[in-house]
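Here is the structure we will look at, set down as structure tokens.
Each ligand, and each atom within it, is numbered from 1 in the order the structure gives. All values below were derived from every heavy atom in this structure, side-chain atoms included, with hydrogens, water molecules and symmetry-related copies excluded.
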Amino acid sequence: MSNQFSFFDSVNVYFDRAAEHTGLPPGLLQQIKVCNAVFQINFPVKIKGEVKVIEAYRVQHSHHRTPTKGGIRYSNHVSQDEVMALAALMTYKCAIVDVPYGGAKGGVKISPWEYTEDELEKITRRYTTELIKRNLIGPAIDVPAPDYGTGPREMAWIYDTYRTFKGDELDAAGCVTGKPVNQQGIRGRTEATGRGVFYGIREACSFAEDMEKIGLTPGAAGKTMIIQGMGNVGSYTGMISQDEGQIKIIGIGEAEGAIYHPDGIDVHALLAYRKANGTIIGYPALKTFEKKDRELILEQPCDILVPAALESVITVDNVDNIKAKIIAEAANGPISAPAQEKLLAKGTIIIPDVYLNAGGVTVSYFEWLKNLSHMRFGRMEKRFNQNQLTQVIHLVEELTGRNVNEREFALIARGADEIDLVRSGLEETMINAYREIREVMVNNPAIPDLRTAAFVNAINKISSDYNSLGIFP
Ligand code: NAD
């Protein structure tokens, strides 16, 4: 690491800075800040005839609300410090978007690309078994979800393993979220984090006075964007920003290299190209950066920079070269604490991870609720609403003498499906949370930035939970 701050240190620097604005007693702040439980597990898996010992973690940062919740990361960079930092971020994130969980995170120290699907299944099932054995997973205990290097496939293996051991648990499906839809998942979960990132960016761009300060016009449409990482979060952020926000994507970075084109890169075409060729290199662009120079994509001019790969990609080493006016932290912890100071000093708006990528956990919460209720959202009311709206249309037609055409009818007299309700719930959550954070900042001139405001908001909400327990008078 190129600076003296570990990832967990960075999170705690942000926490301490925000804590000063809360006036809460030190003991309570300390209880909110520390990781309540840290588990390291080492287990053997036979891979290609040889035993490999896998290092893995599960950290439950805060039990102020249960279950705890947080993704599982498969990466060679996994360490206890990283998992603790990510678990802490989950606690604050859940509080910010009013999702009633304590934060947690899991990590398995492997490079998933080095293993076959069968080997990954073996590792995932064994990791899950280790969690079950220690009572570290369950719909009322701790509920994992996808993160870097994992997705619906891994979540389905986790659910199946859990069900094998706990088949008599009525709510077993709520033991993990981010499952495929046909495995008790929810429509809209896969896109949720990226969609939430878009809603957050759009909301931030909607405040004329904030945009004016950085020399931009209000509104997301027409702004330029560079995205680092075209995995789950980055690809959906790109597609939705382009399709629904009319944002121009001008740069894309991936593990194999990066491309930049100021005229715009069609994200769908680029993703199709990468699928066909296994790389983004070769896609028509003004500038192409080979693997060794891939981080230079962060330094190209643009309005909005979206790091959506890994943490600590903007540090004191490259921060002076960053030209973006807005940095939208889709990834967790992409900016080190010292680099943030420099960015804020030059007026860059940083939309913090702890708020911006909360779309995933928000829709995971909807999935968990669906699992506990054993019913798809919209099933009870869709047809009823459709009938009511049809009646209203007929009444309006009668009163006005104008007939509604087929297209209008289909648009208006429509009961909401699960995907409509999930997107609407997510949009509402992201807009409300942004406004809450911004209000904390605007109402308190001593709070200098959105991240500090987001942490203040989170700490205050968590402290009120502890206060209601009567432990901290
Ligand atoms: P992912 O594994 O789907 O995608 C990550 C992508 O980054 C991959 O395509 C990988 O090839 C690429 N990448 C790796 N190194 C790179 C580099 N040096 N330069 C450019 N690209 C590189 O992971 P994800 O789920 O999209 O997660 C990305 C980030 O978002 C992580 O920080 C994660 O913690 C965060 N996040 C994810 C979710 C979620 O729901 N998946 C939710 C909240 C936060």
Check the side chains of E55 and N42 for a donor-acceptor pair under 3.5 angstrom, ignoring hydrogens and angles. no
Can a side-chain donor-acceptor contact be found between T452 and D449 if the only test is distance below 3.5 angstrom? yes
Measuring from each atom of ligand 1, which residues have a heavy atom under 4.0 Å away? R73, D147, Y148, G149, R189, T193, Q228, G229, M230, G231, N232, V233, G253, E254, A255, R294, E295, A308, A309, A330, A331, N332, N357
Backbone of H63 reached by a side-chain donor or acceptor of T66 within 3.5 Å: no
When you measure from the side chain of K122 to the backbone N and O of K46, does any donor-acceptor pair fall under 3.5 Å? yes
For the residue pair A331 and D353, what are the closest heavy atoms and their distance? O-CB, 3.4 Å
Using the benzene-type ring in the case of Trp, are the ring centres of Y92 and F455 under 6.0 Å apart? yes
